[in-house]
Amino acid sequence: MIRNERLRKGLTQEELGERVGVGKAQISKIERGKGLTIKTVTKVLDALGMPASVVLKGEQEIDKNVIAYIVAAISEFAEIHHLSDFYFHKGSCSQL
């Protein structure tokens, strides 16, 4: 999304980096989802004129029944294979 907006505005990674105060390599990392901090992403979004809500808005919500099914399946697998170092309880996994 950040890369697409940068290209749409006709900016190189170097030009965007200059606006943000970071190098071209950091912009490349940010575009690949690496090295992200709220501060840096906010600066990049400001430089591109994009609201932060676009980035922070969640994808599709996952049905809690699906999560419960996955946890139950993992718990059953762990029990069958005697993986007693882990236990699963109501949607969480902890190591003993």
Side-chain angles (χ1 to χ4, degrees):
M1 178 177 64
I2 290 173
R3 179 180 186 273
N4 290 341
E5 186 64 16
R6 175 182 60 78
L7 293 173
R8 191 180 76 72
K9 293 193 183 263
L11 296 171
T12 65
Q13 288 179 335
E14 189 172 355
E15 290 169 331
L16 180 56
E18 288 173 5
R19 290 183 180 190
V20 175
V22 299
K24 175 183 172 181
Q26 184 64 27
I27 296 297
S28 177
K29 285 181 183 179
I30 291 167
E31 289 181 349
R32 290 178 311 192
K34 310 281 184 198
L36 299 173
T37 66
I38 300 269
K39 185 177 179 179
T40 304
V41 171
T42 301
K43 285 182 179 181
V44 170
L45 294 175
D46 285 345
L48 292 172
M50 297 173 67
S53 62
V54 172
V55 171
L56 300 176
K57 185 176 178 182
E59 295 291 323
Q60 181 180 7
E61 275 193 43
I62 298 174
D63 186 329
K64 290 184 182 196
N65 291 328
V66 172
I67 294 170
Y69 172 80
I70 291 169
V71 170
I74 292 171
S75 296
E76 184 178 346
F77 177 86
E79 187 176 322
I80 290 170
H81 295 283
H82 309 290
L83 301 174
S84 60
D85 289 344
F86 292 91
Y87 72 96
F88 300 89
H89 181 70
K90 292 187 180 180
S92 66
C93 172
S94 301
Q95 189 169 9
L96 296 175

Are there more than 12 heavy atoms of other residues, nucleotides or ligands under 6.0 Å from atom CZ of R19? no

Restricting to side chain to side chain donor-acceptor pair (under 3.5 Å), what partner residues turn up for E31, sequence neighbours left out? R6, Q13

To the nearest 0.5 Å, what is the distance between CG (L11) and CD1 (I27)? 10.0 Å

Approximate separation, where rounding is to 0.5 Å, of L16 CG and L48 CG: 5.0 Å

For K9, all residues meeting salt bridge (charged side-chain N to carboxylate O under 4.0 Å, His left out), sequence neighbours excluded: E5

How would you list, by chain and number, every residue that makes a side-chain contact (heavy atoms from CB on, under 4.5 Å) with E18, sequence neighbours excluded? E14

What are the two closest non-hydrogen atoms of T12 and E15, and how far apart are they? N-OE1, 2.8 Å

Value rounded to 0.5 Å, distance of CG in L45 from OG1 in T40: 10.5 Å

Do the side chains of M1 and V44 join up, straight or via other hydrophobic residues, at under 4.5 Å, putting them in one cluster? yes

